[in-house]
Amino acid sequence: MAGLHEECGVFGIWSESNLQASHSIYYGLLALQHRGQEAAGIAVCNTFGEKGNVSYYKNLGLVSEVFDELTLNKNEGNIGIGHVRYSTTGDCNIENTQPLVYNYVKGTLALVHNGNIVNTAALKQELYDEGTVFRATTDSEVVACLIAKLRAKSSSIEEAVKKAATKLIGGYALLIMSPRKIVAVRDPWGLKPLCLGKRGNDYFFASENCAFNAVGAEFIRDIKPGEIVTISKKGLTSDFTFEADKQAHCIFEYIYFARLDSKIDGISVYKSRFDGGRALARSFPVEADLVTGVPESGITAAYGYSFEAKIPFALAFHKNSYIGRSFIKPTQEEREAAVHMKLNVLEDVVRDKRIVLIDDSIVRGTTIKNLITMLRNAGAKEIHVRISSPPFLYPCYYGTDVPDNTELIANNYSTESIRKMIGADSLGYMKLEDIGSLVGDLPVCKACFDGNYPTPVEQN
């Protein structure tokens, strides 16, 4: 809600018998729709066929807009991968949608990717220097080209993926499908989430375990940072060659990105946000009549604040669920208009009240300023803003579209100046030392708050 762009979502299935893998992928992608609303795609393969042809379909739009029964039935196969996209690199067009499908000398591979590879420019140059001719505008395409090139010199797709992984720097979760196998890779720091599920003899991969519920599968475990998992007719195997000494899980999965009913690396997203709200109440108490949250990601933190402060919680906004997330609009004017189309204030709730308003973050400040204006116009007496993350001071290079420093309001203004700019009576951000209240001892990346990046940062 605060202007952050979403990451992408990936989903995959290996089935011993089900030739309608596309249907399971469709439902899995619906459950991951919150991770990307610009485009969707599915690639499948029939491992029982003689040729093992990969068929795929992808287009711009929501999952339910891209696929119908006829389209799903045309893509028949027992293994497959799918993707929902928000573009952190590359324009939003059909050419940049995923899965990416590449034909090469030894066959075909399909790839879906969540995250961002920060050394893409160097990888491009390496491929060009070695004589590889390709068109690649995104980091995902570079990775697919790299794997395809290495596959020509490798005995198996998993060997090619393993060689490629030694060259990648950044945060990523990858699913690569050949006509006989699916290979899953999670970056060595665990920046991007990826997990494994099972239904009978069928295996699943997903960005979040909430997607397993959509297909009746059981969550098995998170893919470990640096782990490469291969599923074929021979079964499931793991390679831990790239496991790093340190981990750095993205803190914003817990603050904002992940769905409320997910667990990532053993941490409940709901509990994380609730406990974050409690920490805010302890650090920034205020006398007020009610606590409310900005839908959706601010609601649970508001419950936590209300619980700790013993101030009643109330819904102050009605959300129009048929309007897409405001950050997806391409211009600032459209983003601002979308806020008014998406949220209406419940005047009877806020009139003559002192309100604590909880949101997950402030990026540019435009959205929260508009909401405060709407609350005041509805008769609110006081508005005390509490943010369930520390101030954004640095950009993100790993697949979260936090903009550069010039667009980050907290990088350019003091907290008091921001308070005045957005029109709040008081403003409090979560303290950096309170991050542990969200995730306990889990090692996290909080570079957007403190500038300590877990990997070398290289502009693509």
Side-chain angles (χ1 to χ4, degrees), residues 7-36 40-45 47 63 72 77-84 98-99 110-115 158 161 172-177 180-187 190-240 249-250 253-254 257-270:
E7 307 183 24
C8 299
V10 301
F11 189 86
I13 175 177
W14 168 276
S15 175
E16 288 189 348
S17 58
N18 180 16
L19 290 177
Q20 296 297 329
S22 59
H23 288 253
S24 291
I25 299 170
Y26 172 81
Y27 291 120
L29 294 181
L30 282 175
L32 297 173
Q33 186 73 86
H34 59 285
R35 299 188 69 89
I42 292 173
V44 296
C45 182
T47 66
V63 175
L72 293 172
N78 62 305
I79 69 173
I81 57 176
H83 189 261
V84 288
Q98 298 181 35
L111 176 144
V112 292
H113 170 218
N114 167 34
E158 56 264 42
V161 171
Y172 54 88
L174 295 166
L175 296 181
I176 303 100
M177 182 180 71
R180 297 288 184 269
K181 301 173 181 176
I182 294 180
V183 184
V185 192
R186 190 178 184 190
D187 70 79
L191 283 159
K192 299 304 167 194
L194 190 61
C195 54
L196 177 69
K198 193 175 183 183
R199 181 187 63 197
N201 294 322
D202 299 342
Y203 285 98
F204 297 85
F205 296 105
S207 293
E208 297 179 38
N209 68 313
C210 65
F212 296 148
N213 296 329
V215 295
E218 176 188 1
F219 169 75
I220 302 301
R221 64 178 178 86
D222 293 286
I223 304 300
K224 296 184 181 300
E227 182 180 7
I228 300 175
V229 178
T230 303
I231 300 181
S232 69
K233 290 182 178 180
K234 296 180 180 179
L236 185 148
T237 60
S238 289
D239 186 300
F240 295 95
H249 306 270
C250 177
E253 291 291 344
Y254 304 97
F257 291 130
R259 215 172 80 170
L260 201 59
D261 54 339
S262 289
K263 283 188 176 181
I264 298 178
D265 293 302
I267 303 295
S268 162
V269 174
Y270 175 85

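Values reported hereafter were calculated over all heavy atoms of this structure, with side chains retained and with hydrogens, waters and symmetry mates removed.
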Walk me through whether Lys224 and Ser238 qualify under side-chain contact (heavy atoms from CB on, under 4.5 Å).
CA-CA 10 Å; Lys224 296 184 181 300; Ser238 289; over 6 Å; no
Main-chain N/O of [Y] paired to [X] side chain as donor or acceptor, under 3.5 Å:
X      : Y      : answer
Ser22  : Leu72  : yes
Asn114 : Val10  : no
Asp202 : Ile13  : no
Asn209 : Lys263 : yes
Gln98  : His113 : yes
His83  : Pro99  : no
Tyr254 : Ile264 : yes

Phe204 vs Leu196, test: side-chain contact (heavy atoms from CB on, under 4.5 Å). Steps then yes/no.
CA-CA 6 Å; Phe204 297 85; Leu196 177 69; over 6 Å; no
[atom1]/[X] to [atom2]/[Y] distance, rounded to the nearest 0.5 angstrom?
X      : Y      : atom1 : atom2 : answer
Phe219 : Glu208 : CZ    : CD    : 11.5 Å
Leu111 : Met177 : CG    : CE    : 10.5 Å
Leu175 : Ser207 : CG    : OG    : 7.5 Å
Ser15  : Arg199 : OG    : CZ    : 7.0 Å
Asp265 : Glu253 : CG    : CD    : 9.0 Å

Give the intermediate values and the outcome of side-chain contact (heavy atoms from CB on, under 4.5 Å) for residues Thr47 and Trp14.
CA-CA 10 Å; Thr47 66; Trp14 168 276; 3.9 Å; yes
Does a sphere of radius 6.0 Å around NZ in Lys234 hold more than 12 heavy atoms from other residues, nucleotides or ligands, not counting ones at 6.0 Å or beyond?
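Not more than 12 within 6.0 Å, no.
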Asp239: what forms a side chain to side chain contact (heavy atoms under 4.5 Å, CB included) with it, not counting sequence neighbours?
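With sequence neighbours excluded, Asp239 shows a side chain to side chain contact (heavy atoms under 4.5 Å, CB included) to Lys162, Ile228, Thr241, given in chain and number order.
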Could you go through Tyr203 and Val229, starting from their C-alpha distance and side-chain angles, then the distance that decides it, and tell me whether this counts as side-chain contact (heavy atoms from CB on, under 4.5 Å)?
CA-CA 11 Å; Tyr203 285 98; Val229 178; over 6 Å; no
